[in-house]
Amino acid sequence: MSSIRVRFAPSPTGSLHIGGARTALFNWLFARKYGGSFVLRLEDTDLDRNLADAEKHILEGLAWLGLDWDEGPDKGGPHAPYKQSGRLDLYREEAGRLLGMGLAYPCYCQPDELARDRKLAQAEGRPPLYCGRCRDLDEKARSEKEARGLKPALRLLVPPGQTVVDDLIRGPVVFLHETIDDFIIVKSNGVPTYHLACVVDDHHMRISHVIRAEEHLSNTPKQLMLYRALSWEPPAFMHVSMILAPDRAKLSKRHGATGVEEFRTQGFLSEALLNYLALLGWSPGDEREVFSREELVAAFTPGSITKHAAVYDLQKLTWLCAQYLRTLPLDEVVERALPFLTGAGLVPADPGPEEMVYISRVVDLVRTRVHTLVELAGAADYFFRDEFSYEEKGVRKYFQKPGAAELLRQGREALAAAQPFDVAGTEEAYRKLIAELNISGGALIHPTRLALTGRTMGPGLFDIVAALGRERCLARLGRAAQGAE
RNA sequence: GGCCCUAUCGUCUAGUGGCCCAGGACGCUGCCCUCUCAAGGCAGAAACACGGGUUCGAGUCCCGUUAGGGCUGCCA
């Protein structure tokens with residue numbers, strides 16, 4: 001059996017979309033599971049639509065997700081180059097073969113002409129297929145058109161019959177050739193279209209399995225015809241269903257974040273996104289939900305990819321992210337959180353070792369209460385700055401009560417005397433005061449939390465107290481007591 | 001319009017003819033725990049699109065309808 005080689009072949013027309021990321025993931029999983037190679041190839045044959053930064057974003061997105069590739073435009077490989085713009089000669093050569101064999105022919109129809117045909121066909125309720133006007137042009141007619149300076153496109157001659165796509169997840173799908181017209185394989189500017197370039201590359205790069213989005217299923221018979229015309233053995237095909245927006249429509253910008261990069265800046269962990277994407281259209285068959293990359297590879301079987309489109313749902317991604325935030329090793333979470341903390345202006349760009357100890361402690365306190373790194377930075381705010389406002393409903397509830405200021409002062413004194421100033425020591429001091437005053441724990445704890453953090457919710461009070469340290473606690477309690485007068 | 005794919009709780013899904021008056025997860029509701037918020041534990045509401053077949057028996061097979069999606073480009 002020949003070796004397993006799969007590829008992810010995005011066109012650099014934008015950022016890495018979550019749909020593309022999931023397609024890449026399934027390819028990667030397939031390669032890693034079966035010891036194959038994962039090839040990255042850029043399909044940049046539409047020069048008008050190529051975006052300068054797209055390539056960079058796509059590679060970064062994949063790398064961020066941990067989907068490493070074995071061959072690609074940045075690292076080369078035995079079938080370089082991995083950008084179609086660098087392989088134009090190859091396509092020309094193969095197109096020339098088709099032309100020579102009479103399996104393709106030049107078409108001189110102009111775009112406006114074709115558009116008119118299409119419109120007319122539609123108006124008359126006919127399928128908008130190419131009429132075949134240039135199919136039987138003789139030499140004389142051709143040279144006449146050439147003489148007029150017309151640059152031809154090249155069309156594949158679609159023979160009568162049918163083509164069966166044996167899709168790995170859908171089974172055999174039959175397409176009748178009468179529903180497919182002679183399609184263009186080389187544009188009049190000499191650049192191949194998607195179908196030709198894709199087939200030529202997949203063949204020359206020895207791709208064994210083409211795993212791609214379902215939108216390509218209808219394109220596959222055309223490509224199969226190309227394989228046949230070129231006398232090549234086609235790869236196996238696997239069409240993965242699409243990801244739909246919550247309104248069941250195709251994903252687009254108006255549906256909010258759909259780019260991998262956006263999820264990253266919104267503070268989602270790559271583990272969570274990857275895990276989520278895997279669960280969207282695939283399931284392990286058992287009841288596990290949380291998977292590391294390695295577990296995913298071990299559990300993955302292409303047969304359990306679903307056939308139907310999946311609507312994506314941020315809530316589950318958010319939940320997954322929260323899972324990772326509290327189960328990943330603390331150091332790792334700290335490392336990921338750092339850019340968000342500096343971004344929020346809470347910590348310096350390059351904190352010293354002492355500062356790092358404090359940061360770790362804070363991250364550990366808030367990590368179980370947040371879903372994303374952005375939320376984490378938000379929740380850690382008061383650990384790093386003294387200036388903050390008090391939550392209004394908390395002020396009403398805890399500061400505007402008779403005796404509130406006095407209570408805060410007593411709390412301040414208790415903390416001033418607490419020994420040692422750690423979680424247990426400060427709690428002991430507070431419990432003692434609570435007992436002396438004969439009040440409920442909450443009666444003292446809640447106002448103290450508000451004084452220390454400005455909020456009515458957050459980590460356990462004594463965790464906060466111990467982390468902040470005596471000096472800051474006394475200052476904040478003093479300030480709050482004054483304000484509560 | 002034509003061709004193709006798909007159809008289980010709101011969402012992601014398990015289910016490959018009897019184990020299913022349909023299981024899990026997110027979300028939602030309630031209770032427990034508790035200094036708050038989370039987390040955690042427990043409980044609950046919530047689905048086989050519809051209509052015909054096939055079969056002793058259908059979520060599971062077949063046909064149709066409906067719905068959603070894709071393709072129908074000198075885009076990929």
Side-chain angles (χ1 to χ4, degrees), chain A residues 9-13 43-46 48-49 84 107 109-111 114-115 118 121-129 151-155 165 167 170 173-176 178-181 183-195 197-198 212-222 239 241-242 244 246 248-250 276 279-290 304 306-320 322-323 326 366-371 379 394 427 430 434 440-446 448-450 453 455-462:
Chain A
S11 62
T13 53
E43 309 220 321
D44 58 347
T45 54
D46 185 356
D48 296 338
R49 302 209 319 160
Q84 296 188 324
C107 171
C109 297
Q110 295 303 295
L114 295 169
R118 227 179 337 260
Q122 228 134 29
E124 293 175 3
R126 286 180 291 115
L129 302 178
K151 290 268 172 279
L154 210 59
R155 286 184 188 268
V165 177
D167 188 82
R170 274 155 238 278
V173 183
V174 180
F175 293 88
L176 269 13
E178 59 227 50
T179 63
I180 301 170
D181 59 1
F183 55 98
I184 290 175
I185 54 175
V186 179
K187 307 175 206 176
S188 55
N189 65 0
V191 177
T193 59
Y194 165 65
H195 297 298
C198 168
R212 63 203 340 180
E214 189 188 356
E215 55 185 321
H216 290 294
L217 181 58
S218 305
N219 289 148
T220 311
K222 294 181 180 176
H239 290 94
S241 59
M242 312 198 36
L244 266 27
R248 299 211 125 260
K250 197 174 177 177
Y276 177 67
L279 255 24
L280 213 52
W282 172 81
S283 91
D286 54 37
E287 284 168 358
R288 287 175 295 168
E289 302 279 341
V290 182
S304 39
T306 57
K307 294 175 154 119
H308 54 272
V311 171
Y312 89 107
D313 161 38
L314 262 12
Q315 286 183 309
K316 189 149 183 178
L317 169 62
T318 303
W319 172 79
L320 270 170
Q323 293 294 312
R326 69 167 149 277
V366 297
R367 70 200 288 214
T368 60
R369 279 160 246 268
V370 296
H371 304 98
E427 173 152 17
Y430 246 44
I434 287 164
S440 70
L444 178 60
I445 287 171
H446 296 318
T448 303
R449 176 180 286 105
L450 186 64
T453 71
R455 307 181 192 191
T456 57
M457 37 170 262
L461 180 69
F462 305 102

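The sequence lines fix the lettering, A, B, ..., with proteins before strands; numbering per chain opens at 1. Bear in mind that the values here come from a model prediction, so they are computed numbers and not experimental data.
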Asks: Heavy atoms under 4.0 Å, any strand shown: does A:Val370 hit a base, just sugar-phosphate, or nothing?
Replies: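 No contact.
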
Asks: When rounded to the nearest Å, what value does the distance between C1' atoms of B:rG51 and B:rU66 take?
Replies: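 So the two C1' atoms sit 10 Å from each other.
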
Asks: Provide the closest heavy-atom pair for A:Ala197 versus A:Thr45 in the form atom of the first, atom of the second, distance.
Replies: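 So the two residues come closest at CB-CG2, 4.3 Å.
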
Asks: Watson-Crick or G-U wobble partner for B:rA49, using a 3.5 Å limit on both distances?
Replies: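 B:rA49 is paired, partner B:rU65.
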
Asks: Under 6.0 Å from the NZ atom of A:Lys187, do we count more than 12 heavy atoms belonging to anything else shown?
Replies: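 Yes - once you tally the heavy atoms of other residues, nucleotides and ligands closer than 6.0 Å, there are more than 12.
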
Asks: Please work out if A:Tyr312 contacts a base, only the sugar-phosphate, or nothing of the nucleic acid, heavy-atom cut-off 4.0 Å.
Replies: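 Result for A:Tyr312 = nothing.
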
Asks: Just call it for A:Gly458: base, sugar-phosphate, or nothing, with non-hydrogen atoms closer than 4.0 Å on any strand.
Replies: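 Base contact.
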
Asks: Which nucleotide wins on minimum distance to the side chain of A:Arg326, given the candidates B:rG27, B:rA39, B:rC35?
Replies: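 Looking only at side-chain atoms, A:Arg326 lies closest to B:rA39.
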
Asks: Can you tell me if A:Thr306 touches the phosphate of B:rU13, counting only side-chain N or O atoms and a distance under 4.0 Å to OP1 or OP2?
Replies: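 Yes, because at least one side-chain N or O of A:Thr306 sits under 4.0 Å from OP1 or OP2 of B:rU13.
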
Asks: Please compare A:Asp313 and A:Gln122 by the position of their nearest nucleotide in RNA chain B and report the one closer to 5'.
Replies: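 Checking each residue's closest nucleotide, the 5'-ward one belongs to A:Gln122.
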
Asks: From the options A:Glu214, A:Lys307, A:His308, select the one residue that forms a side-chain contact (heavy atoms from CB on, under 4.5 Å) with A:Ser241.
Replies: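 Among the candidates, only A:Glu214 passes.
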
Asks: From the options B:rG70, B:rU8, B:rA38, select the nucleotide whose nearest atom is closest to the side chain of A:Arg369.
Replies: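 Nearest to the side chain of A:Arg369 among the choices is B:rA38.
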
Asks: With a 4.5 Å cut-off on side-chain heavy atoms, are A:Leu461 and A:Tyr430 touching?
Replies: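 Result yes, sub-4.5 Å side-chain heavy-atom pair found.
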
Asks: Please measure how far the C1' atom in B:rA14 lies from the corresponding atom in B:rC19, and state the result in whole Å.
Replies: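 Approximately 14 Å lies between the C1' atom of B:rA14 and that of B:rC19.
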
Asks: Apply side chain to side chain donor-acceptor pair (under 3.5 Å) to A:Thr220 and A:Arg212, showing your working.
Replies: CA-CA 11 Å; A:Thr220 311; A:Arg212 63 203 340 180; 3.2 Å; yes

Asks: Between B:rC4, B:rC12, B:rU6, which one does the side chain of A:Arg170 approach most closely?
Replies: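 Within the option list, the nearest is B:rU6.
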
Asks: Going by modelled atom types, is there a donor-acceptor pair between the base of B:rG70 and the side chain of A:Ser218 at under 3.5 Å?
Replies: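 Present.
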
Asks: Check every strand shown and say whether A:Arg449 touches a base, only sugar-phosphate, or nothing at a heavy-atom separation below 4.0 Å.
Replies: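 Base contact.
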
Asks: Go along nucleotides 28-34 of chain B 5' to 3' and tag each nucleotide: B for a protein heavy atom under 4.0 Å from its base, S when only backbone or sugar atoms are that close, - otherwise.
Replies: -------

Asks: Quick one, A:His239 with A:Glu215, criterion side chain to side chain contact (heavy atoms under 4.5 Å, CB included). Give me CA distance, side-chain angles, the key distance, then yes/no.
Replies: CA-CA 8 Å; A:His239 290 94; A:Glu215 55 185 321; over 6 Å; no

Asks: Would you indicate which nucleotide in B:rA7, B:rC5, B:rA25 comes nearest to any side-chain atom of A:Lys316?
Replies: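 Out of B:rA7, B:rC5, B:rA25, the nucleotide with an atom closest to A:Lys316's side chain is B:rA25.
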
Asks: Quick one: are A:Lys316 and A:Tyr276 in side-chain contact, heavy atoms under 4.5 Å?
Replies: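 Side chain of A:Lys316 against side chain of A:Tyr276, heavy atoms only: contact under 4.5 Å found.
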
Asks: Counting Watson-Crick and G-U wobble pairs only, both distances under 3.5 Å, name the nucleotide matched with B:rU54, or none.
Replies: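 B:rU54 is unpaired by these criteria.
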
Asks: Closest heavy-atom contact between A:Pro127 and A:Ala121?
Replies: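 For A:Pro127 and A:Ala121, the tightest heavy-atom pair comes out as O-CB, 4.0 Å.
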
Asks: What is the nucleic acid contact for A:Ser440, judged by heavy atoms within less than 4.0 Å: base, sugar-phosphate only, or nothing?
Replies: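 Counting heavy atoms under 4.0 Å across all strands, no contact is made by A:Ser440.
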
Asks: For B:rG1, give the paired nucleotide (Watson-Crick: N1-N3 plus N6-O4 or O6-N4; G-U: N1-O2 and O6-N3; both under 3.5 Å), or none.
Replies: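 Check on B:rG1: paired to B:rU72, both distances under 3.5 Å.
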
Asks: Taking the P atom in each of B:rA76 and B:rU72, what is the distance between them to the nearest angstrom?
Replies: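 Approximately 11 Å lies between the P atom of B:rA76 and that of B:rU72.
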
Asks: Quick test: give all pairs of protein nitrogen or oxygen and nucleotides 73-76 of chain B nitrogen or oxygen below 3.5 Å, distance rounded to 0.1 Å.
Replies:
{"residue": "B:rC74", "atom": "O2", "partner": "A:Ser188", "partner atom": "N", "Å": "2.7"}
{"residue": "B:rC74", "atom": "O2", "partner": "A:Ser188", "partner atom": "OG", "Å": "2.8"}
{"residue": "B:rC74", "atom": "N3", "partner": "A:Ser188", "partner atom": "OG", "Å": "3.0"}
{"residue": "B:rC74", "atom": "N4", "partner": "A:Cys109", "partner atom": "O", "Å": "2.7"}
{"residue": "B:rC75", "atom": "OP2", "partner": "A:Lys187", "partner atom": "NZ", "Å": "2.7"}
{"residue": "B:rC75", "atom": "O2'", "partner": "A:Asp46", "partner atom": "OD2", "Å": "2.9"}
{"residue": "B:rC75", "atom": "O2'", "partner": "A:Arg49", "partner atom": "NE", "Å": "3.4"}
{"residue": "B:rC75", "atom": "O2", "partner": "A:Arg49", "partner atom": "NH2", "Å": "3.2"}
{"residue": "B:rA76", "atom": "OP1", "partner": "A:Thr45", "partner atom": "OG1", "Å": "2.6"}
{"residue": "B:rA76", "atom": "OP1", "partner": "A:Lys187", "partner atom": "NZ", "Å": "3.1"}
{"residue": "B:rA76", "atom": "OP2", "partner": "A:Tyr194", "partner atom": "N", "Å": "2.9"}
{"residue": "B:rA76", "atom": "O3'", "partner": "A:Glu43", "partner atom": "OE1", "Å": "2.9"}
{"residue": "B:rA76", "atom": "N6", "partner": "A:Asn219", "partner atom": "OD1", "Å": "3.1"}
{"residue": "B:rA76", "atom": "N1", "partner": "A:Asn219", "partner atom": "OD1", "Å": "3.3"}

Asks: Could you let me know what B:rC31 is paired to, Watson-Crick or G-U wobble, both distances under 3.5 Å, or none if it's on its own?
Replies: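 Its partner is B:rG41.
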
Asks: Just checking A:Leu217: base, sugar-phosphate only, or nothing, at a heavy-atom cut-off of under 4.0 Å?
Replies: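 Sugar-phosphate contact only - A:Leu217 comes under 4.0 Å of backbone atoms but never of a base.
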
Asks: Side-chain contact, heavy-atom cut-off 4.5 Å: A:Leu154 with A:Ile184?
Replies: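 No, every pair of side-chain atoms sits at 4.5 Å or beyond.
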
Asks: For B:rA25, what is the paired nucleotide under Watson-Crick or G-U wobble rules, both distances under 3.5 Å?
Replies: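 Per the H-bond distance test, B:rU11.
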
Asks: Got a second to check how far A:Glu427's CD is from A:Ile445's CD1, nearest 0.5 Å?
Replies: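 It is 7.0 Å, given to the nearest 0.5 Å.
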
Asks: RNA chain B: A:Leu280 or A:His446, which has the more 5' nearest nucleotide?
Replies: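 Mapping each residue to its closest nucleotide by heavy atoms, the 5'-most match is A:Leu280.
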
Asks: Atom CH2 of A:Trp282 and atom CG of A:Leu280: how far apart are they, to the nearest 0.5 Å?
Replies: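 Atom-to-atom, A:Trp282:CH2 and A:Leu280:CG are 12.5 Å apart.
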
Asks: Return the orientation label for the A:Tyr194 and A:His216 ring planes: parallel under 30°, perpendicular over 60°, tilted otherwise.
Replies: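 Rings of A:Tyr194 and A:His216: tilted, as their planes differ by 30° to 60°.
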
Asks: A side-chain contact here means heavy atoms from C-beta on lying under 4.5 Å apart; do A:Pro459 and A:Arg369 qualify?
Replies: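 Side-chain contact under 4.5 Å: yes.
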
Asks: For nucleotides 15-20 of chain B, just jot down a letter per nucleotide in 5' to 3' order: B, S or -, based on protein non-hydrogen atoms under 4.0 Å.
Replies: ------

Asks: Which part of the nucleic acid, if any, lies within contact of A:Pro459, taking any heavy atom under 4.0 Å across all strands shown: a base, the sugar-phosphate backbone alone, or nothing?
Replies: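 Base: the residue A:Pro459, judged by heavy atoms under 4.0 Å, touches a nucleobase.
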
Asks: Students often get this wrong, so: under 4.0 angstrom with heavy atoms, is A:Gly460 touching a base, only sugar-phosphate, or nothing?
Replies: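 Base contact.
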
Asks: Could you go step by step and tell me if A:Lys222 and A:Ile180 meet the side chain to side chain contact (heavy atoms under 4.5 Å, CB included) rule?
Replies: CA-CA 8 Å; A:Lys222 294 181 180 176; A:Ile180 301 170; 3.9 Å; yes

Asks: Base, sugar-phosphate or nothing for A:Arg455? Non-hydrogen atoms, less than 4.0 Å.
Replies: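 Nothing, no heavy atom under 4.0 Å.
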
